[in-house]
Amino acid sequence: MNILDNIMKIIVPRDKIAEKVKELGQRISRDYADKELVVIGVLKGGFIFLADLAREVTIPVIIDFMAVSSYCHSKNTSGVVKIIKDTDISIEGRHVLIVEDIIDSGLTLNNLKELLHTRGPLSVKICTMLDKPSRRKVYVEVNYKGFEIPDEFVVGYGLDYSDKYRNLPDVVVLSPDK
Ligand code: IMP
Ligand code: MG
């Protein structure tokens with residue numbers, strides 16, 4: 001069976017992604033020229049975006065990863081971020097750019113950003129490939145953004161459904177029976 005058989009529609013095709021990633025890489029290279037930048041990829045969803053983005057960045061950067069999961073308390077919008085994998089390097093006195101696959105409610109990044117701020121970085125900014133603004137529960141400042149998409153569950157380019165479909169090169173919506 002081919003995973004391409006399960007696609008209902010393509011939301012962002014690979015060529016548009018490549019164009020946008022190049023543009024973001026150039027902006028980041030300009031904005032952080034002469035600064036010490038740590039790029040933190042959020043696992044697992046951000047791995048493909050980070051791999052592509054890193055190769056469009058033309059300044060020296062330190063790359064690290066975190067894996068987190070967010071738990072939202074039912075009565076309010078505050079969440080707690082649980083660290084599954086922390087960075088190996090220190091971010092103290094360095095500029096940090098978090099690279100994420102998608103911002104949905106905003107809880108994950110809001111909490112992660114707050115946590116990283118307690119560690120003495122010079123700045124913490126956010127770069128996301130996808131953004132679903134209609135789903136936001138908490139405000140998050142997004143500094144670099146690939147695409148805004150409608151409120152649909154998407155997979156591909158790092159994003160999963162039940163841990164599958166991350167390897168699709170396009171961002172797609174699956175057929176309803178998948
Ligand atoms: P947030 O805390 O609600 O912003 O959650 C963001 C996380 O939820 C992302 O890092 C994804 O792992 C997951 N997520 C949100 N929307 C989608 C989607 O459409 N497809 C796959 N994963 C999603
Ligand atoms: Mg994620």
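Note that this is a predicted model, so its numbers are computed, not measured. All heavy atoms count here, side chains included; hydrogens, waters and symmetry mates do not. As the structure lists them, so they are numbered: ligands from 1, and atoms in each ligand from 1.
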Please tabulate, for side-chain N and O atoms in residues 146-154, each donor-acceptor pair with protein atoms closer than 3.5 Å (sequence neighbours left out).
from: Glu148; atom 1: OE2; to: Lys145; atom 2: NZ; distance (Å): 2.7
from: Glu152; atom 1: OE1; to: Lys9; atom 2: NZ; distance (Å): 3.2
from: Glu152; atom 1: OE2; to: Lys9; atom 2: NZ; distance (Å): 3.1

For Glu152, counting its heavy atoms only, list the atoms of ligand 1 lying under 4.0 Å from any of them. 19 (O)
For Val155, state whether at least one heavy atom is located under 4.0 Å from any atom of ligand 1. no
Residue pair Leu53 / Cys127, side-chain heavy-atom distance below 4.5 Å: yes
Atom indices of ligand 1 within 4.0 angstrom of Asp160 heavy atoms, with elements: 21 (C)
In terms of atom number and element, which parts of ligand 1 are under 4.0 angstrom from non-hydrogen atoms of Glu100? 10 (O)
Can you find an N or O of Val154 that's nearer than 3.5 Å to an N or O of ligand 1? yes
Can you confirm, on distance only, whether ligand 1 has an N/O atom lying under 3.5 Å from any N/O atom belonging to Gly106? yes
Side chain, backbone, both or neither: which applies to Asp101 and ligand 1 if a contact is any heavy-atom pair less than 4.0 Å apart? side chain
Side chain, backbone, both or neither: the part of Ile102 lying under 4.0 Å from ligand 1 by heavy atom: both
Any residue meeting side-chain contact (heavy atoms from CB on, under 4.5 Å) with Leu122, in chain and number order, not counting sequence neighbours: His95
What part of Lys132 sits under 4.0 Å from ligand 1 if we count only heavy atoms: the side chain, the backbone, both or neither? side chain
Mind checking whether Tyr157 and Asn167 have side chains closer than 4.5 Å, heavy atoms only? no
Are Asn110 and Tyr139 linked by a side-chain donor-acceptor pair shorter than 3.5 Å? no
Would you call Lys44-Asp163 a salt bridge at under 4.0 Å N-O? yes
Given Val68, which partner from the list Leu43, Leu112, Asp86 fulfils the side-chain contact (heavy atoms from CB on, under 4.5 Å) test? Leu112
Under 4.0 angstrom from ligand 1, any heavy atom of Val42? no
For Leu159, counting its heavy atoms only, list the atoms of ligand 1 lying under 4.0 Å from any of them. 20 (N), 21 (C), 22 (N)
Heavy-atom count around Lys85 NZ within 6.0 Å, excluding the residue itself: above 12? yes
